[in-house]
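I have placed the structure first, in the form of structure tokens, so that the comments after it can refer back to it.
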Amino acid sequence: MSTQSNHPFHLVDYSPWPLTGAIGAMTTVSGLIKWFHQYDISLFVLGNIITILTMYQWWRDISREGTFQGLHTYPVTIGLRWGMILFIVSEVFFFISFFWAFFHSSLSPTVDLGMMWPPAGIIPFNPFQIPLLNTTILLASGVTVTWAHHSLMGGNHSQTSQGLFFTMILGIYFTVLQAYEYIEAPFTIADAVYGSTFFMATGFHGIHVLIGTTFLSVCLFRHLNYHFSKNHHFGFEAAAWYWHFVDIVWLFLYASLYWWGS
């Protein structure tokens, strides 16, 4: 990066990672289509490998930029904050589309669905079994990530590590229970609009939990290597914002798809 600038904003170094990330995303989606139609997972695995390698190297460069090069000054951090806020807003509208599809079909079931919801022949999940446990897990994880955040702002290194670790474990526990729920599901994504809206909404939420867990695990690794201070830790704050967003979306999913929709 140039040592002189005639502008008040931040310019990053030239980087190949946006290009390789786009290639990884395109390969992953193409691999999904190939998997669905030809039952061949090889292209999907290749796309995931490219994406994971890009993530590692891109996050490594950003960590160096913010921690060791001192480029994440206050004006730059303000820009990063607004970027994260707008990203979360876009994610909110992403999930609104799934809720819209669900309520459009459930509030006025068509003749094809037997004019009832859930449709005839669908056995829904009991909302007071695994779904309620998963709700408790995510609420607890919201408490632990807040504990970690307040500990970091208070300069307590060990309690921040503990809070991040427990949040990560709760995220993994949630994912395992959701995978078990999917395996034991009495209906599939092909079972009318009920199955498609259920698995699309909860499945994409599950992917967001995996992303958030990865985000928090990277933050734990960085915290253990003393990348964060009580005054300079936006990477952790962004992860905490994202995790709270995931928690709130799940509460809406539980209330609508599992409880009301059943």
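In this text the structure is predicted, and so the values were computed from the model without any measurement. In what follows, every heavy atom counts, from backbone to side chain, and hydrogens, waters and symmetry copies are set aside.
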Taking the side chain from [X] and the backbone from [Y], do they hold a donor-acceptor pair closer than 3.5 Å?
X    : Y    : result
Q38  : K34  : no
Y194 : S106 : no
H223 : H157 : yes
H72  : T67  : no
T28  : G47  : yes

Give the C-alpha distance, both sets of side-chain angles, the deciding distance and a yes or no for ring-ring contact (aromatic ring centres under 6.0 Å, His included) between W241 and F234. CA-CA 10 Å; W241 291 355; F234 176 69; 5.7 Å; yes
We want to know whether [X] and [Y] form a side-chain donor-acceptor pair, criterion being a heavy-atom distance below 3.5 angstrom.
X    : Y    : answer
Y258 : T202 : no
S141 : W243 : yes
H208 : E91  : yes
S42  : D40  : yes

With rounding to the nearest 0.5 Å, note down the distance linking OG1 in T144 to CE in M168. 11.0 Å
What about H205 and F252, are their ring centers closer than 6.0 Å? no
Counting only heavy atoms not in [X] (residues, nucleotides, ligands), do more than 12 fall under 6.0 Å from its [atom1]?
X    : atom1 : answer
I123 : CD1   : no
W17  : CH2   : yes
F199 : CZ    : yes
F245 : CZ    : yes
F221 : CZ    : no
W260 : CH2   : yes

Cluster question for you: counting only ILVMFWY and a side-chain heavy-atom cut-off of under 4.5 Å, with indirect links fine, are [X] and [Y] together?
X    : Y    : answer
L220 : I62  : no
V249 : I85  : yes
V218 : L210 : no

Angle between ring planes, [X] versus [Y], binned at 30° and 60°: parallel, tilted or perpendicular?
X    : Y    : answer
F166 : W147 : parallel
F103 : F99  : parallel
F87  : Y242 : parallel

Heavy-atom closest contact (V193 atom, S105 atom, distance): CG2-OG, 3.3 Å
Taking every heavy atom of T213 against every heavy atom of I172, the minimum-distance pair comes out as CG2-CG1, 3.9 Å
Test S151 against T160 for side-chain hydrogen bond (donor to acceptor under 3.5 Å, both in side chains), laying out the working first. CA-CA 5 Å; S151 298; T160 304; 4.6 Å; no
F125 and its ring-ring contact (aromatic ring centres under 6.0 Å, His included) partner, picked from F187, Y180, Y182: F187
